[in-house]
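Numbered from 1 within each chain, the chains take letters A, B, ... in sequence-line order.
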2 protein chains.
Amino acid sequence: MKAGTDLAQIGSLVGDPARANMLAALMGGTALTASELALEAGVALPTASAHLAKLSDGGLVSVARQGRHRYYALADHRVAAMLENIMGVAATLGPKRVLPGPRDKAMRDARVCYDHLAGEMGVAMLDSFVGRGLIRVDGERAEMSSAGASYFAGLGIDLDTMGRKRRPVCRTCLDWSVRRSHLAGGLGAAMLECILTRGWARREKDSRVIRFTPMGRREFEMMLRG
Amino acid sequence: MKAGTDLAQIGSLVGDPARANMLAALMGGTALTASELALEAGVALPTASAHLAKLSDGGLVSVARQGRHRYYALADHRVAAMLENIMGVAATLGPKRVLPGPRDKAMRDARVCYDHLAGEMGVAMLDSFVGRGLIRVDGERAEMSSAGASYFAGLGIDLDTMGRKRRPVCRTCLDWSVRRSHLAGGLGAAMLECILTRGWARREKDSRVIRFTPMGRREFEMMLRG
DNA sequence: TTCATACTTCGATCATAAGCAAACTATCTT
DNA sequence: AAGATAGTTTGCTTATGATCGAAGTATGAA
């Protein structure tokens with residue numbers, strides 16, 4: 001009975017189309033203002049405001065006031081993982097999903113999940129790190145080996161400051177399209193940033209898709225081979 | 001936008017209190033009739049019937065007609081895993097969770113998740129199997145080593161017929177109370193059955209709690225030590 | 001100061017869907 | 001055959017909550 005109440009509370013938050021669209025938009029990882037989310041959800045500003053208040057009260061999103069703006073973001077990597085999970089179930093359950101279009105294909109290949117790389121390439125990346133002994137995985141938790149520490153430092157990632165933050169360095173997150181884990185946590189975010197700043201790939205506008213350049217893909221694959 | 005629609009569809013199914021209670025009850029793993037679920041959810045039979053039709057249409061539960069009864073169950077281990085995941089988020093988000101009562105404590109210790117063992121003891125079991133090289137884990141998937149095959153056969157588990165079923169033998173499932181993985185899949189179900197038939201533990205009535213006898217707990221821990 | 005922007009709160013409307021009683025169908029019992 | 005039990009369907013009531021316009025608050029710009 002108590003368990004059911006908990007379920008229902010979260011479910012009803014996610015269950016409204018406008019709120020679901022907002023959450024889906026926030027899965028892109030960038031914080032968005034109330035107006036942007038209203039547009040995204042296709043509702044008027046007052047309506048969006050009410051929805052965002054509920055999401056915020058419910059703990060699914062966080063707010064950061066900045067001047068006259070209010071930036072909303074997913075509260076937590078766990079919330080992001082939960083949404084990915086639900087999407088995954090929806091994908092397998094969906095009435096009969098028509099053959100995946102090109103947009104879908106790109107999403108499966110590489111996309112942003114909250115703030116790290118997901119999709120086939122994200123899964124391949126974690127696989128490589130694990131295979132080379134740089135990271136050890138244990139359920140949702142994961143940890144870096146000493147070999148990993150020197151390797152990631154060599155990529156120019158600042159592990160010291162990362163280690164001091166509250167956020168765990170290594171996490172895994174279940175990928176809904178591949179149904180396997182990809183790398184999340186501070187390191188996952190840093191790796192995505194690394195990929196983007198090196199120009200291997202760039203984010204597609206208004207979507208979660210990450211497009212690798214042909215060159216970038218080659219570089220990325222070389223990195224995975226070690 | 002499309003992603004949002006998917007989310008909303010599942011969310012709204014889970015978001016109704018009556019339906020959420022039904023789903024929570026079904027997390028116990030045993031199939032239940034419409035009347036039982038009506039009672040569980042605290043609604044009249046016609047209401048329950050309507051809810052179950054929605055859950056069934058939505059693909060979250062499956063129905064099996066048996067004479068004049070209709071047995072409802074969760075459609076899938078994935079649905080079960082999704083619900084566990086949502087409960088986990090609810091637990092961390094919950095307004096201010098009062099200190100966990102004894103019932104909660106028992107749930108955290110050992111409970112049924114769909115049809116396998118979850119909670120601290122479930123996680124400990126998988127840990128032990130992995131540590132002893134009986135099972136290798138890779139994200140949600142997992143596989144048995146040859147050492148594992150002979151070990152589990154030695155416990156009296158019929159791996160041959162299990163291998164022939166559609167259901168994967170080894171799976172992992174994220175545990176909401178421990179936030180780590182426990183063993184699911186056909187093997188997970190078989191292990192739970194093994195624990196129950198040996199009298200090491202028994203299911204508590206009308207709940208997901210599994211109570212180990214003092215003796216059973218010793219035996220179980222001995223098994224984990226190998 | 002005055003205006004504009006970003007957002008919230010209020011108030012009213014409206015639609016959806018949750019709820020149940022009563023009637024109906026199907027299966028089992030005797 | 002005549003109950004009895006399990007469940008669905010129908011029809012109706014009711015309540016919740018999603019929606020937006022209008023007015024209010026807070027911040028920034030001129």
- Can you see which heavy atom on B:Ala31 is nearest to which on B:Ala73, and at what distance? CB-CB, 4.1 Å
- Message: Regarding A:Tyr72, tell me which of base, sugar-phosphate or nothing describes its non-hydrogen contacts under 4.0 Å with the strands shown.
- Response: sugar-phosphate
- Message: According to side chain to side chain contact (heavy atoms under 4.5 Å, CB included), who are the partners of B:Ala38, at least two apart in sequence or on a separate chain?
- Response: B:Leu45, B:Ala48
- Query: To the nearest Å, how far apart are A:His69 NE2 and C:dT5 P?
  - Reply: 11 Å
- Among residues 54-62 of chain A, which contact DNA chain D at a heavy-atom distance under 4.0 Å? A:Lys54
- Note on the structure: Quick tally for nucleotides 23-30 of chain D: nucleotides whose base has a protein heavy atom under 4.0 Å get B, sugar-phosphate-only ones S, the rest -, giving ----BSS-
- Item | Result of checking A:Glu120, A:Glu204, A:Glu84 against A:Arg111 for salt bridge (charged side-chain N to carboxylate O under 4.0 Å, His left out) | A:Glu84
- Task: Could you tell me which non-hydrogen atom of A:Met87 sits nearest to which non-hydrogen atom of B:Ala3, and how far apart they are?
- Result: CE-CB, 4.1 Å
- Task: Kindly determine whether B:Met82 and B:Asp76 satisfy side chain to side chain contact (heavy atoms under 4.5 Å, CB included), including the steps that lead there.
- Result: CA-CA 10 Å; B:Met82 178 188 79; B:Asp76 207 331; over 6 Å; no
- B:Arg70 side-chain N/O to C:dT27 phosphate OP1/OP2 under 4.0 Å: no
- Identify the heavy atoms of B:Ala90 and A:Asp6 that sit nearest to each other, and give their distance. CB-CB, 3.7 Å
- Item | Least distance between heavy atoms, A:Asn21 atom then B:Gly4 atom | OD1-CA, 3.3 Å
- Note on the structure: Between the CG atom in B:Asp16 and the NE2 atom in B:His51, the distance rounded to the nearest 0.5 Å is 4.5 Å
- Message: I'd like to check the ring-ring contact (aromatic ring centres under 6.0 Å, His included) partners of B:His182; sequence neighbours left out, ordered by chain and number.
- Response: B:His116
- Query: To the nearest angstrom, how far is B:Arg19 atom CZ from C:dT16 atom C1'?
  - Reply: 12 Å
- Mind jotting down which residue pairs meet the ring-ring contact (aromatic ring centres under 6.0 Å, His included) criterion with at least one end in residues 185-214 of chain B? Sequence neighbours excluded, please. B:Phe212-B:Phe220
- Query: Which atom names give the shortest non-hydrogen contact between A:Val169 and A:Met162, and what distance separates them?
  - Reply: CG1-SD, 3.6 Å
Between the protein and nucleotides 19-25 of chain C, list every N/O to N/O distance that falls short of 3.5 Å.
{"residue": "C:dG19", "atom": "OP2", "partner": "B:His51", "partner atom": "NE2", "Å": "2.6"}
{"residue": "C:dC20", "atom": "OP2", "partner": "B:Ala44", "partner atom": "N", "Å": "2.9"}
{"residue": "C:dC20", "atom": "OP2", "partner": "B:Thr47", "partner atom": "OG1", "Å": "2.8"}

- When rounded to whole Å, the CG to C1' distance for the pair B:Leu32 and D:dA6 reads 15 Å
